[in-house]
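I have placed the structure first, in the form of structure tokens, so that the comments after it can refer back to it.
In what follows, chains are A, B, ... by sequence order, proteins preceding strands, each numbered from 1. Everything numeric in this text was worked out from a predicted model, so none of it was measured.
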Amino acid sequence: MSVRVRFAPSPTGHLHVGGARTALFNWLFARQTGGVFILRIEDTDPERSTSEMVEGILEGLRWLGLDWDEGPHHQSQRLDSYRQMGRQLLEGNHAYRCFCTPELLLHKKAQAPHGGRDWKYDGSCRKLSDDEIQARLEAGDPFAVRFRVPENQQVSFKDLVYGDIQVETKTIEDFVLLRSDGTATYHLSVVADDTQMRISHVVRGADHLPNTSKHVLLCQALEEPLPLYVHLPLILGPDKKRLSKRHGATSVLEYRQQGFIPEAMKNYLARLGWSPGDDNEESLSEEQLIRLFDLSRINKANALFDPQKLEWMNAQFLSSVPAPELESRIRPLLQKENMWDSAWEGSARQWFLDTLDLIKPRARRLSDFIHLGQPFFSDSFEYESKAAQKYLVSEDPEVTAKLILAIQGLAEAYRNLAPFDLETTEQVLRKIGDEQQIKAGKLIGAVRVALTGKSVAPGIFDVIVALDKKRTLERLDRVLKFLQ
RNA sequence: GGCCCCAUCGUCUAGUGGCCUAGGACGCCGCCCUCUCAAGGCGGAAACACGGGUUCGACUCCCGUUGGGGCUACCA
């Protein structure tokens, strides 16, 4: 059997992490099996669906590199086919016209015990006689089409994650297939599309597990073969509640904006509810993911989304991205901050790449390159007040005088230093420290603030060499003016 | 309320009756490295929800309890 899977988001919101994980699992399965990955937009509710949301979802998928082979199909453009299926069900007596108005239903529900919480449609229109139906049709009464749920049966189906599921039909109400305006509800459209698109595996969130019995009933009425069902455990917030805004970012595009890279996101999402087994490797490449992915190893229990682990994973992947590749991802950020120099593309390219490698181990997100890189990519910076307090300013004028002497001596020695490299710059600094009776650590701290404005930076001699002699001396001069 | 599903460290998970004194990862703590911060290395605290069975033997199988989640719309 050839594998045909689909991701079928409803464009009533962004592509959130749960949806992205569903898309990813579908995609991994399709890529592993050489199957077809179909994208279908479930926009049968025109009230809540917008084209901006569709575009956002597509962009999220593209960012993650989840390319689809068919679609996007839009359910809003297939309404006729659903209506036809509704007619077919009506003719086969698997469905019936329900003339109950929403108001009437609401009223009945309100009258029921428990505030109507366990009220189900009572099926009053089930046994309307042909004459009655004819009369109401002629009177122009609006009607919905409801599915005639078989009485006292068991529906059962196999789920590749949850196993065999059985439900009594008496617990299922006669659900609506076509609304009184003739549009299809989710249950009808999803079954219509999944059968017509010959979907082999329905891989979707476990929130659809209880609905599946309805879909199975529909397939049976239509005499269509059942797809294999694969329900994915849900991703919840840290408080075990549905992931929502108050837990932080929920949209994958927000994560992009926050400096996460798709490799990390994909890997993290893949490991939420799935693991490759014994060889419990954390960071897997896309190829490994495709090769190792296994539907039968998906967990049943819901998973809590942990942003900290995502960030760690991002740092892992970030450190493995080679500098030239990093460049293209960083450039837009730097340009936005006015920290881009066209020389990076020409004569200074190697220097730029080396500098990226220098700050890379400290970056957890792409956006970190802005502040980490600032001392190197820009000459305008302020001394961070805390850093200056700690390393530059002293209440004791003698200490300040000593520091000034040391920095003057350092600048002087560096001016004629050749070669100007890691070893020589360190030798000189330590010698000056000894001469001026300043601890190397203290002097280094001051120089670090002088050169970067920060108390946190790469190793000081790496910084000095990266800045090279000219800029180092400029900044030493600047700090001397600051101290005097 | 009814129906469905789930249950190993705080979190993601390994574990498919003896390999378990329960392994790894994130996070946390300590030490090392060291010019700061990361990275890296080493070490530590930290879990089989509970109660019954089944079995020579249960984290692993069955039942119940508790807890959690989902569905319960002319939303998807």
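- A straight line from OH of Y229(A) to P of C5(B) spans 16 Å, rounded to a whole angstrom.
- With both ends at atom C1', the span from A7(B) to U21(B) equals 24 Å, rounded to whole Å.
- Look at G27(B): it lacks any Watson-Crick or wobble partner with both distances under 3.5 angstrom.
- Across all strands shown, C59(B) remains unpaired; no Watson-Crick or G-U wobble contact has both distances below 3.5 Å.
- In terms of phosphate contacts, S275(A) brings a side-chain nitrogen or oxygen within less than 4.0 Å of OP1 or OP2 of A14(B).
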Review item, nucleotides 64-71 of chain B N/O atoms under 3.5 Å of protein N/O:
residue: G69(B); atom: OP1; partner: K241(A); partner atom: NZ; Å: 2.6
residue: G69(B); atom: O2'; partner: N302(A); partner atom: ND2; Å: 2.9
residue: G70(B); atom: O2'; partner: D207(A); partner atom: O; Å: 3.4
residue: C71(B); atom: OP1; partner: R242(A); partner atom: NH2; Å: 3.4

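- G64(B): Watson-Crick or G-U partner is C50(B), with both key distances under 3.5 Å.
- For C74(B), the base has a donor-acceptor partner in the side chain of S180(A) [N/O atoms by modelled type, under 3.5 angstrom].
- Nucleotides C28(B) and G67(B) have their C1' atoms positioned 26 Å apart, rounded to a whole Å.
- A donor N or O paired with an acceptor N or O is not found under 3.5 Å between the base of A7(B) and the side-chain atoms of K300(A).
- Taking atom C1' on both nucleotides, U72(B) is separated from A49(B) by 28 Å, rounded to a whole Å.
- Within 4.0 Å (heavy atoms only), E173(A) reaches sugar-phosphate atoms of the nucleic acid but no base atom.
- By the 6.0 Å and 45° rule, R471(A) does not stack over the aromatic ring of F381(A).
- For R362(A) and C37(B), a side-chain-to-base donor-acceptor distance below 3.5 Å is present, hydrogens and geometry of angles not being considered.
- With F369(A) as the aromatic partner, R329(A) does not meet the cation-pi criteria of under 6.0 angstrom to the ring centre and within 45 degrees of the ring axis.
- Along RNA chain B, the nucleotide nearest to R448(A) and the one nearest to P238(A) differ in position, and the one closer to the 5' end is contacted by P238(A).
- The partner of C37(B) is absent, by the rule that a Watson-Crick or G-U pair needs both atom distances under 3.5 Å.
- Relative to the ring axis of F25(A), R21(A) places its NZ or CZ within 45° and under 6.0 Å from the centre.
- Nucleic acid contact class of A301(A) (heavy atoms, under 4.0 Å, all strands): sugar-phosphate only.
- Salt bridge D306(A)/R271(A): absent, no basic N to carboxylate O contact under 4.0 Å.
- Under the 4.0 Å criterion applied to side-chain N and carboxylate O atoms, E42(A) and R6(A) are not assigned as salt-bridge partners.
- The side-chain tip of R146(A) points at the ring of Y121(A) from less than 6.0 angstrom away and within 45° of straight on.
- Residue contacts for N299(A): at a heavy-atom cut-off of 4.0 Å it reaches the sugar-phosphate backbone alone, with no base atom in range.
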